[in-house]
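The figures that follow rest on heavy atoms only: side chains count, while hydrogens, waters and symmetry mates do not. The model shown is predicted, which means the values in this text are computed figures rather than measured ones.
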Amino acid sequence: MAFRGKEMMKKLMRKVGGEKNLAPGVKESLKKCVPDSRIVMNRAKRGLFAGKHIQFGNRVSEDGGNKTRRNWKPNVQEKRLFSYIMDRHIRVKVTTHALRCIDKAGGIDEYLLKTPYHKMDTEMGLYWKTKIEKLYEELGQTEVVFFTPEEEAKLEQDFKDMKLAQRAARRELRRQMYGGSSKQKQTEQGSADTQETAEEAAKILSEGIPNEYAPEDLVANS
């Protein structure tokens, strides 16, 4: 356990070299960005807990009313959440309350953008929030280009050709690594035997039928 707001401010002050290196008014603006929650368990540093942390209380017996200290831990699940701005899944530990908040906001990106800094009570949440805000800022500065239908069809065909080339390259690499399957080897061996038999038959036909197999001899013997 730790008093997160004070501890994070002390850590920031140590990194910048003390308050003397800060311009006037910077410390007050930093306090607005630092979470104001007092107690956060250490496990919350590695996920999005949305304000749900360990709680302490008493277990009261039914007969004598005896009290025993106990705690309640949040329901933490490990999930893969899709980020549209990053175009990939993010594996993160979240509470069920945080999952409901994310669904209500419309996704992990919207949840991180809408949640203010002073309510983002974990270091991981602050990291993802600043990263996604920076990506959206860079996306807003990019220029939008529209393609004609012919150019879109050409790009789609190039993409299909690239996929086919990658598939052929992977197939060739697997063939070189494993030397082909046993079924493929049997097929190749069978085709080679068939080719040798055909070559022998063609050679016999080109040289002519031997005398012992002549039609006259066969009729006489019969």
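Within a 6.0 Å sphere centred on CZ of Arg88, heavy atoms belonging to other residues, nucleotides or ligands number more than 12. The environment of CD in Gln166 is crowded: more than 12 heavy-atom neighbours from other residues, nucleotides or ligands sit within 6.0 Å.
Cluster membership for Leu112 and Met86, using ILVMFWY side-chain heavy atoms within less than 4.5 angstrom, is shared.
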Residue pair Glu151, Lys154: steps toward the salt bridge (charged side-chain N to carboxylate O under 4.0 Å, His left out) verdict: CA-CA 5 Å; Glu151 292 176 345; Lys154 185 177 181 301; over 6 Å; no
Gln157/Asp161 under side-chain contact (heavy atoms from CB on, under 4.5 Å): CA gap, chis, key distance, verdict: CA-CA 6 Å; Gln157 186 62 33; Asp161 295 341; 3.2 Å; yes
Pair Leu113-Tyr111, side-chain contact (heavy atoms from CB on, under 4.5 Å): steps then yes or no: CA-CA 5 Å; Leu113 291 174; Tyr111 169 74; over 6 Å; no
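In plain terms, the two heavy atoms of Lys129 and Pro116 that are nearest each other are CE-C, 4.3 Å. Shown here for Trp72 and Phe56, the closest heavy-atom pair between the two residues is CZ3-C, 3.6 Å. Of all heavy-atom pairs between Ala98 and Phe49, the closest is CB-C, 4.4 Å. Across all non-hydrogen atoms, the minimal contact from Ser83 to Ile132 is OG-CD1, 4.4 Å. Residues Lys93 and Val76 approach most closely at CB-CG1, 4.0 Å, considering heavy atoms. Closest non-hydrogen pair, Glu110 versus Ala105, comes out as CB-O, 3.4 Å.
Side-chain atoms of Leu139 and Leu135, non-hydrogen and from C-beta on, never get closer than 4.5 Å to each other. When side chains are defined from C-beta on, Val60 does not count as touching Thr68, because their heavy atoms never get closer than 4.5 Å. Contact annotation: the side chain of Ile108 approaches that of Leu48 to within less than 4.5 Å [non-hydrogen atoms, C-beta and beyond]. Taking the side chain as every heavy atom from C-beta outward, Lys73 and Gln55 never approach each other to under 4.5 Å. Side-chain contact between Trp128 and Ile90 is present, with heavy atoms from C-beta onward closer than 4.5 Å. The closest side-chain heavy-atom distance from Tyr136 to Ile85 is below 4.5 Å. Side-chain contact between Arg91 and Glu78 is present, with heavy atoms from C-beta onward closer than 4.5 Å. With a 4.5 Å cut-off on side-chain heavy atoms, Glu156 and Phe159 do not count as touching.
Although no hydrogens or angles enter the test, the distance criterion places a donor-acceptor pair under 3.5 Å between the side chain of Thr130 and the main chain of Tyr127.
None of Met177, Gln176, Arg171 except one satisfies the side chain to side chain contact (heavy atoms under 4.5 Å, CB included) rule with Arg174; the exception is Arg171.
With respect to the salt-bridge test (charged N to carboxylate O, under 4.0 angstrom), the residues Glu137 and Lys134 do not qualify.
To the nearest 0.5 Å, atoms CG (Leu173) and OH (Tyr178) are separated by 8.5 Å. The distance from atom OG1 of Thr95 to atom NZ of Lys79, rounded to the nearest 0.5 Å, is 12.0 Å. The OG1 atom of Thr96 lies 8.5 Å from the NZ atom of Lys52; values are rounded to the nearest 0.5 Å. Note that CG of Leu164 and CE of Met162 are 10.0 Å apart. Values are rounded to the nearest 0.5 Å.
The closest side-chain donor-acceptor pair between Asn58 and Arg69 falls under 3.5 angstrom.
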